[in-house]
Amino acid sequence: MLFTQHAFLAFLVLVLIGDRATRRWRAANHGFLLLASWAFFLYWSLTDFLIFLGAMLAGFVFVAALGRASGPRLRRALLLGAVSLSLGMLALFKYRQFFGANLGQLLHACGWSWPALSDTITIPLAISFYTFHMISLVCDVHARKYPAPGFLDYALYLSFFPQMLAGPIVRGDQMLPQLARPPRERVADVAGGLYAFVLGFFFKAVIADHLAVTIDPCWTDDGVRGLTVADAWLAALFYSAQIFADFGGYSFMAIGLGKLLGFELPTNFDAPYVSSTFQEFWRRWHITLSSFLRDYLYIAALGGSRGPRWRTPINLILTMLLGGLWHGPAWNFIAWGGVHGGALAVERWAGFALDARRSRLTAAFSFAVVQLTVVLAWVLFRAPNLALAARFYGRLLGLGAGASGLHVAPELARALPLVAPVLLYHLARAWAPAEVIWRAPILRGALTGALLYAALVFMHSPRGFIYFVF
Amino acid sequence: MRPRSWSFWAALVVSLAGCHLLAYRLLPSDWRLERPARDGNDGNYLAHCAGVGIDYYVLRFGLFGTGESVRNADVLCVSNSKGLYGYDAHLLSERLSCPDRPVRVYNLSFGFGEGITYVMEVVKRLDLRDKVLVADLAIQMYSDRMTPMGRTALETNSTVGAYLVCGESWLMHETEWLAQGLVPRIVFTRDRGFAVKPYISTSMRRDRATGDWPTGTAATPHWPCRTRYNVAFQLEALREPFLEECRRRNLRLVFISIPCEDGYDPEWGERTARELGYPYLRIDPDGIELFDGAHMSAKGRAVFSERLAEQLRASHFGTTAPALLPEAPAVLALHRNRVPPGAP
């Protein structure tokens, strides 16, 4: 069930009624939300739900044991067991085929034979997200940040339908205290929730889905062949707008749903295209993933910037390479992570990210470099493989027959107005902090009404979210 | 409720109203669509909506009583969208029935250019046996590949899943029906940019008892046009999943070629049917009106179905009859129908 599907809107009404009706009893309320979340998952796939259920139950064994264990050795063993379980699931379901195929090719090149792996295992829905939720929880319980939760809270934390399929990646310390409070004390922010949900709905249903219709054909062999330089640049820019509207839209909707039910979910996107450093970009783009990678991988596992000076850029690149791989088992995602990791490393090495005394000219130059790199890196992210990405870069540079023209295909030109709301959103956020809208209910109400009307006029058959395949 | 909340809701309502007024001021008058009259849904179901072939799910799982109707049918007519608009199962039933024994005909065609592979999935799922299968020998039909719609539909492998698809589509249809006439409905397409979208006109209902599809009207009539197929029937690919499966299930194949303007080749059809060892009924295309290149208008459908019924009646009682329809009960009825009055 997509958040933009009619069935979801009906489901949401039922959930809101059920939540209200059970607010007086904690177990009933949490039980109801858990069952609703499972029904939401089951709507997608029984098999994927059963895999999730198995992972969740196995994870709870470790979490519960960790909550009771006191010896440091046992606690460490349990932590390793739980993390291995999560990463093992990712390896089995998500990366097995990729690593198997690449290892096979490598061994074949060395003259050894390697049995081909069957490709019957499809990537289970949401596996990248719930495994990260489990890792975050077990690490925090091991570090005694908070006590191990009971089963109902644990299950609801992992299953909570607004965030379970594609984030935001909510930490235990953000969600569990909210679950610990009696449900009747949770204050549903209906106006705020509606605003966030409608904003996300507009971005997804009106902007992202229509941009997808326009540029999807550009990312095929035939499509790339027909692009002029201007077309290629427009397609790359449109994709930058599309992925923000798609994933940002999803995140806004998830946060809005949380507010409607009385939960605060963390911000996941904060106008990333106003960033003038790569560090700032990653503090504004998929914030919950980048903070997860920073805390659990860059700092906890790799040592962050604590070691010798040469280690920091390597750690940054490694973190971003793995962050790229997290998005999908393909070389183009790894390359995308590598580009961002490299850029972060150079920025850190030059001390540019930390320099607050930059002139306006430097800041503008930096902004241009960052945004250009981000747009160019999206080509790696969107292209189905590296070969097509290379051809697309060729088109951007005017290489290949017919590519040098500045003629813009009418199909792409027609879509220009669709980028305007993304641009306006970023301009507004560049000039005014988010609080301005939150503190001005009239402005928020007017915006909600206008966006809702636009969604009613323009919405049609919903399309899947880009991040659902990760 | 706090005063700040009241100002939010008031601003929201004013904004909605303002947008509405603005939209109706700015948009051309032909972009303001009226809400269409309610479809009658007696005896039919929503079969197509927003690009989803709901009948793919309904027929494969036999939902809404269609399973019983298909199983009870004596004659199944299959094709792609040409057959959806071409076969009049109700008329065929009437013409083929005799007073003491009705012959039930079911239109089991699918749209989207669907081929025989999906039809055979329905045949297997509903375990259909002992019937006459009137199949259109349009070359696009006979490939072992399925359309994206067919492949998507096959991903649903439970009745609950099929009901969910139907429910979702029904909700979408109802919402769109409500929205049309209330707000302008605009869609963005790659080829046309922003354009008005009469959503409801793309939804179709299908008869539960006969599988009949709504008729189309011809603003400018089109007429059938013969062509020459320069391809061979994919015998090896289709022998087991189609021909042998039909033989095992006692589904007696009768091939025809549905006339259309885009090109159909009755000679190829006749030759192919002969080579495969199945009967072929040649339908006279003269006067069969189409409303576009491929699909019959209401008039064309009536003429075509009358001619098909005549051919079926004639062939069943000719030399092919014993080979064609030995056990199917409907055939006995057809046979009886041909026996001269007074004969034993």
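Proteins come first, then strands; the chains are lettered A, B, ... in the order of their sequence lines, and each starts at number 1.
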Heavy-atom cut-off 4.5 Å, strictly under: side chain, backbone, both or neither for L194(A) against chain B? side chain
How many angstroms lie between atom CG of L447(A) and atom CG of L12(B), to the nearest 0.5 angstrom? 10.0 Å
Begin from the C-alpha positions of V187(B) and F458(A) and carry the test side-chain contact (heavy atoms from CB on, under 4.5 Å) through to its verdict. CA-CA 6 Å; V187(B) 70; F458(A) 289 102; over 6 Å; no
From F188(B) atom CZ to T214(A) atom OG1, the distance as rounded to the nearest 0.5 Å: 3.5 Å
More than 12 non-hydrogen atoms from neighbouring residues, nucleotides or ligands closer than 6.0 Å to CD on E174(B), yes or no? yes
Non-hydrogen atoms of H6(A) and T175(B) that approach each other most closely: CD2-OG1, 3.1 Å
Which atoms form the tightest heavy-atom contact between V183(B) and L456(A), and what is the distance? CG2-O, 4.0 Å
Report the option among A454(A), P410(A), A415(A) that has the most heavy-atom pairs separated by less than 4.5 Å from atoms of chain B. A415(A)
Can you give me the closest heavy-atom contact between F194(B) and R414(A), atom names plus distance? CE1-O, 4.2 Å
In Å, rounded to the nearest 0.5 Å, how long is the span from CD of E168(B) to CZ of F11(A)? 13.0 Å
CZ of R190(B) to SG of C218(A): how many Å apart, nearest 0.5 Å? 5.0 Å
In short, S15(B) meets A450(A) closest at the heavy-atom pair OG-N, 3.0 Å
If you count heavy-atom pairs under 4.5 Å between each of A179(B), C19(B), G167(B) and chain A, which one has the most? C19(B)
Proximal component of A23(B), with respect to chain A [non-hydrogen, under 4.5 Å]: side chain
Which residue, V190(A), T448(A), L443(A), forms the side chain to side chain contact (heavy atoms under 4.5 Å, CB included) with F8(B)? T448(A)
How far apart are the closest heavy atoms of L171(B) and A10(A), and which atoms are they? CD1-CB, 4.0 Å
Nearest heavy-atom neighbours spanning I442(A) and A11(B): O-CB, 3.2 Å
Please flag which part of P417(A) lies under 4.5 Å from any non-hydrogen atom of chain B: side chain, backbone, both or neither. side chain
Part of L451(A) within contact of chain B (heavy atom distance under 4.5 Å): neither
Between L164(B), I186(B), V160(B), L22(B), who has the most heavy-atom pairs with chain A when the cutoff is under 4.5 Å? I186(B)
